[in-house]
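All remarks here apply to the structure that follows.
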Amino acid sequence: QVQLLESGGGLVQAGGSLRLSCAASGRTFSNYAMGWFRQAPGKEREFVAAITRSGDSTYYADSVKGRFTISRDNAKNTVYLQMNSLEPEDTAVYYCAADRLIYYRGSYSKPTEYAYWGQGTQVTVSS
């Protein structure tokens, strides 16, 4: 029901910044909770950040708290992930995800709760 397309990934030195974008196509973007996840080679997909429908609440993994900021612009059907102070450990494919049924705080961080996923964008942080 929604299609997601990530962009903004690339190669950056440690300490640098990137901003990822996730453009969504759909009639009711504001009805969807949105999340960012990442997956490094040989690892499971892990939670990065999430944002509620109106953007009034955000959630972050401990590993990125204070460095990453998730935001959304419902008028543009777009979710962003501003990544600052990047570390080599942040290297992964970053995925945008959406779901229209997530309401409980504990559900926002679980990849199995999200119904829709983008194809991912590569982020590589060099030391």
Side-chain angles (χ1 to χ4, degrees):
Q1 294 180 354
V2 292
Q3 298 176 68
L4 308 174
L5 180 61
E6 303 96 334
S7 62
L11 175 64
V12 65
Q13 289 187 328
S17 298
L18 285 173
R19 189 179 77 157
L20 305 183
S21 298
C22 174
S25 61
R27 283 186 5 92
T28 54
F29 176 71
S30 62
N31 287 344
Y32 290 83
M34 302 295 298
W36 285 98
F37 295 78
R38 66 188 183 187
Q39 189 165 22
K43 291 190 174 183
E44 294 184 344
R45 191 164 298 187
E46 67 174 353
F47 170 72
V48 176
I51 190 166
T52 55
R53 292 156 178 78
S54 65
D56 59 345
S57 295
T58 57
Y59 307 96
Y60 297 95
D62 289 342
S63 59
V64 307
K65 197 171 298 181
R67 300 188 297 121
F68 291 10
T69 302
I70 188 172
S71 61
R72 69 190 296 163
D73 187 340
N74 286 348
K76 295 182 178 180
N77 280 20
T78 303
V79 175
Y80 305 96
L81 184 68
Q82 178 67 46
M83 305 185 293
N84 298 326
S85 302
L86 283 162
E87 304 167 352
E89 292 74 21
D90 296 317
T91 296
V93 176
Y94 282 71
Y95 297 91
C96 177
D99 196 86
R100 61 183 173 87
L101 299 177
I102 294 175
Y103 286 99
Y104 301 107
R105 178 177 180 176
S107 296
Y108 283 95
S109 63
K110 299 178 180 178
T112 53
E113 295 289 341
Y114 290 82
Y116 306 101
W117 294 83
Q119 291 292 100
T121 185
Q122 177 71 47
V123 172
T124 303
V125 184
S126 62
S127 60

Next item on the list: State, with a plain yes or no, whether a side-chain heavy atom of L18 is found less than 4.5 Å away from one of V123.
Entry: yes
Item checked: Inter-residue atom distance L20.CG - S7.OG, 0.5 Å rounding -> 8.0 Å
Check: What are the two closest non-hydrogen atoms of A14 and S127, and how far apart are they?
Finding: CB-CA, 4.4 Å
Next item on the list: Starting at CZ of R105, measure out to OG1 of T52 and round the result to the nearest 0.5 Å.
Entry: 12.0 Å
Margin query: Could you check whether any side-chain N or O of R100 sits under 3.5 Å from a backbone N or O of Y32, counting only pairs where one atom can act as donor and the other as acceptor?
Written below: no
Item checked: Shortest non-hydrogen contact between T78 and S21, atoms and distance -> CG2-CB, 4.3 Å
Next item on the list: State, with a plain yes or no, whether a side-chain heavy atom of I51 is found less than 4.5 Å away from one of M34.
Entry: yes
Checklist line | Exceeds 12 heavy-atom contacts within 6.0 angstrom, atom CD of E46 | finding: yes
Checklist line | Residue pair V2 / A98: nearest heavy atoms and the distance that separates them | finding: CG2-CB, 4.2 Å
Note to self: Evaluate R67 against E87 for side-chain contact (heavy atoms from CB on, under 4.5 Å), listing each step before the verdict.
What the structure shows: CA-CA 10 Å; R67 300 188 297 121; E87 304 167 352; 3.9 Å; yes
Notebook entry, point to check: Without hydrogens or angle criteria, can the side chains of R38 and Y94 be said to hold a donor-acceptor pair below 3.5 Å?
Noted result: yes
Notebook entry, point to check: Closest approach of I102 and S107, non-hydrogen atoms and distance?
Noted result: CG2-CB, 3.9 Å
Margin query: I'd like to know if the side chain of E6 reaches the main chain of Q119, judged simply by a donor and an acceptor atom lying under 3.5 Å from each other, with no hydrogens or angles considered.
Written below: yes
Item checked: Straight-line distance of S126 OG to Q13 CD, nearest 0.5 Å -> 5.0 Å
Margin query: When you measure from the side chain of N74 to the backbone of S30, do you find a donor-acceptor pair of N or O atoms at a distance under 3.5 Å?
Written below: no
Next item on the list: Using the rule that two of Ile, Leu, Val, Met, Phe, Trp, Tyr join whenever any of their side-chain heavy atoms come within less than 4.5 Å, decide whether L86 and Y60 are in one cluster.
Entry: yes
Check: Going only through I, L, V, M, F, W and Y residues with side-chain contacts under 4.5 Å, is there a path from Y59 to Y95?
Finding: yes
Checklist line | Check: E89 main-chain N/O paired with T91 side-chain donor or acceptor under 3.5 Å | finding: no
Item checked: Same cluster (ILVMFWY, side-chain, under 4.5 Å), V93 and L4 -> no
Next item on the list: Would you please test T124 and Q122 for side-chain contact (heavy atoms from CB on, under 4.5 Å) and show each step?
Entry: CA-CA 6 Å; T124 303; Q122 177 71 47; 3.3 Å; yes
Notebook entry, point to check: What about F37 and W117, are their ring centers closer than 6.0 Å?
Noted result: yes
Next item on the list: Examine Y80 and Y116 and state if one hydrophobic cluster contains both, with Ile, Leu, Val, Met, Phe, Trp and Tyr joined whenever side-chain heavy atoms are less than 4.5 Å apart.
Entry: no
Next item on the list: Find the distance between SG (C96) and CH2 (W36) and round it off to the nearest 0.5 Å.
Entry: 5.0 Å
Next item on the list: Calculate, to the nearest 0.5 Å, the distance between atoms OG1 and CG belonging to T112 and D99 respectively.
Entry: 10.0 Å
Note to self: Using only atom types and a distance under 3.5 Å, with no angle test, would you say the side chain of Y114 pairs donor to acceptor with the backbone of Y108?
What the structure shows: yes
Margin query: Looking at R45 and Q39, would you say the former's side chain and the latter's main chain have a donor-acceptor pair under 3.5 Å?
Written below: no
Notebook entry, point to check: With a cut-off of under 6.0 Å to the ring centre and 45° to the axis, is R72 in cation-pi contact with F29?
Noted result: yes
Notebook entry, point to check: Is V79 close to L81 at the side-chain level, that is, under 4.5 Å between some pair of heavy atoms?
Noted result: no
Checklist line | N84 side chain to S17 side chain, donor-acceptor N/O pair below 3.5 angstrom | finding: yes
